[in-house]
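Working notes, beginning with the structure itself.
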Amino acid sequence: MTAVTDQDHTERADQPGDADKAAAAENPSAKAPEHTSEGESTDGTHARVPDGDSSARTDSSARTDSSARTDSPGSASSPGSASSQGTWDDGLIARRVDETTGGNQYAALDSRPAAPPTAAPLVYDGPLRSRLEALRELVGLSRTRLDSRTLAEAGRVLDEASARRRLSGQHTVVAIAGATGSGKSQLFNALAGVAISETGVRRPTTAAPIACSWSDGAASLIERLGIPPRLRRRPLPTGDGESQLHGLVLVDLPDHDSAAVQHREHVDRILALVDAVIWVVDPEKYADAILHERYLRPMAAHAEVMFVVLNQIDRLPGEAAEQVLDDLRRLLDEDGIALGEYGEPGTTVLALSALTGDGVGELREALGQFVAERAAPARRISADVDIAAARLWPVYATQRRTGLSEQAREEFSDRLADAVGATAAGEAAERAWLRNANRACGTPWLRLWRWYQDRGEPTTGRLPSRTQADEEATARQRVEQAVRTVADRASAGLPTPWAQAVREAAVRGSKGLPEALDELSVRAGVPTGRPPRPGWWPVAVLSQASMTILQFLGGLWLLGQIVGVMSPNLGVPVLLMVIGIVGGPLIEWSCRMAARGPARRYGLEAERRLREAAAGCGRARVLDPVAAELLRYREVREQYGRVVGARR
């Protein structure tokens, strides 16, 4: 008959004899059987079987261990005697797969005092390494721009990929998951060929994950899952079956729909760490919304490392099993899960009965081929990278061209030039040059008349000029408007985090920009001092002086004739005065015409210097920080393209 113990006993210390004491305390009337099966002690515990050597268990050792115990309820073997006989008691009794089978197949414990042999670490192929490096670079470049919650999934994938790479690459960890009553523990026992996980009517039956390893070197992988040594098993050597599943680590999970929150936490935690998953569904709950919406649909990218098994087909009459299987395939297709049919990579869908064994051999064969490929860990990590990249799509991808065009840069510089008054400064410089030319080349009588007019003109009735405070306020508004415009154009089309970063960079650069432009306008505005003179100015000044001298000479000559000092001759002095009077304004007009070109060039040069100075200040404070943010975005976009595009 099958021995059953409560799993609560497994929570006690892993010392030999603890389970015996607990069993004796619960059932004092229990007596030791007259004989035991090979490798089985009288109290229901199992002899520890060294890896690869099942011959160590002998009938004599079993009888010696049986004779060492007493039938008294309180008796228990001492640790010393247990260790001398090679027995080990973890408080969990392995049971037979079927009561009709032989009683010599039991699960062996995987916890041994000796250090387990180390296996070769996992090696990722070139494309996957490239994608992981790109994802790591992407996360590093984005930490200062994106919040930690956005990068949490990518960071988790990188950590898990690094942790898995350091562990065995010769083993494949496969979890069996399913709902309450789906028969996953029964399937677990059927694959192991020995009763390891408890089955029964009580729900939930599996309270903690149990691991079964078909080969050595998997201890670190199981430790990563958080499964204690008392819940680790090893099937007995069975020849072909063991070699077929060599390298497999099978984990029986609690029910994913269990009412116990701790059970669901176990499932979610281990599903994120295993290399592959076998989903066990039954004909009643294969279309359960919780299964599809919470697990299968989000794990659609992991189709190549998933098996979906329709269990309990022995309960379906006739062709009902095929109909249910077809409907299951339809639901999986709606979930976006690629099915591995006709040689295409994808999820393997099978129908079986763990109770009768129908279809279990087909699953074992498919599982053995899957494990022999040694590709499941890399496929799992690659699928995790796909999911992380898909979640990062909104913060990196854009459908339009981004950045600052040359036209946007020129318009920003023009707005700053207008704010600093570059055009007005150029016009002022031009007027200053013309005014200097008029002073140098104009007639003294015209300059005297203009001075008299300016002095005699009343100050009332004029329009009030704008105050300096108004001009500064207007200039500040223009600068702020220019910064907002260039920030909006630079951030147009960018994902929200990067658009926000561009706008913040522009705003930071605009602080103090109006004051800097004011200082710049003072330094690079209208030049102080006398404007430079062209080469013809001395000739024009000499000519104007000559005309004035001729006027004086003609006037003095006429005055001399009037007073009788000189002989009468009106022609020559009048001619001299006419030449001086007409020639002076003519020379002034000619100089004014000739001065327009140089004055214009002088004003344009002053405007150009002020525009360049304003553009340089705006570029250093606003455009360069904005361009740096855009360059960072292009870098992360390239890295994101490597993460998404460098698929195997």
Side-chain angles (χ1 to χ4, degrees), residues 421-466 468 521-613:
T423 303
E427 293 175 352
E430 182 179 355
R431 289 193 300 269
W433 206 97
L434 288 174
R435 189 165 50 250
N436 192 28
N438 291 335
R439 290 173 181 174
C441 303
T443 62
W445 321 114
L446 184 59
R447 291 202 299 270
L448 183 62
W449 172 252
R450 289 175 178 171
W451 174 80
Y452 175 76
Q453 281 186 334
D454 293 340
R455 184 178 181 182
E457 185 177 3
T459 58
T460 60
R462 296 181 179 179
L463 293 175
S465 60
R466 299 183 62 182
Q468 184 178 2
S521 63
V522 174
R523 295 196 308 267
V526 179
T528 58
R530 183 176 298 178
R533 298 179 178 181
W536 50 266
W537 271 34
V539 178
V541 172
L542 183 60
S543 300
Q544 194 64 263
S546 300
M547 294 299 103
T548 304
I549 292 173
L550 288 177
Q551 293 180 37
F552 274 102
L553 288 177
L556 291 175
W557 198 332
L558 288 176
L559 182 62
Q561 291 181 6
I562 292 174
V563 299
V565 177
M566 301 182 66
S567 59
N569 186 2
L570 297 176
V572 176
V574 171
L575 180 62
L576 291 176
M577 290 185 65
V578 170
I579 293 174
I581 293 172
V582 175
L586 184 62
I587 292 175
E588 181 181 1
W589 179 82
S590 299
C591 289
R592 183 177 297 175
M593 293 297 103
R596 285 186 175 180
R600 181 61 178 166
R601 289 192 294 272
Y602 181 72
L604 290 177
E605 180 63 22
E607 180 181 355
R608 183 190 63 80
R609 289 197 304 269
L610 191 55
R611 283 182 176 274
E612 289 182 353

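Since the structure is predicted, the reported quantities are computational estimates derived from the model, not experimental observations.
Note that CZ of R600 and CD of E427 are 7.5 Å apart. Values are rounded to the nearest 0.5 Å. Rounded to the nearest 0.5 Å, atoms CG (L553) and OG (S546) are 10.5 Å apart. The structure places CG of L542 at 9.5 Å from CE of M547, a figure rounded to the nearest 0.5 Å.
Of all heavy-atom pairs spanning A606 and A429, the tightest one is CB-CB, 3.7 Å. Across all their heavy atoms, Q551 and M577 have their closest contact at O-CG, 3.8 Å.
Evaluated for a side-chain contact (heavy atoms from CB on, under 4.5 Å) with L550, the options L576, I581, V578 yield exactly one hit, L576.
Put simply, the side chain of L604 does not reach to within 4.5 Å of the side chain of R601, judged on heavy atoms.
Heavy-atom neighbours of R596 CZ from other residues, nucleotides or ligands within 6.0 Å: at or below the threshold of 12.
Between E612 and R609 there is no salt bridge, since no side-chain nitrogen of the basic residue lies less than 4.0 Å from a carboxylate oxygen of the acidic one.
The salt bridge (Lys or Arg N to Asp or Glu O under 4.0 Å) test applied to E607 returns R611, not counting sequence neighbours.
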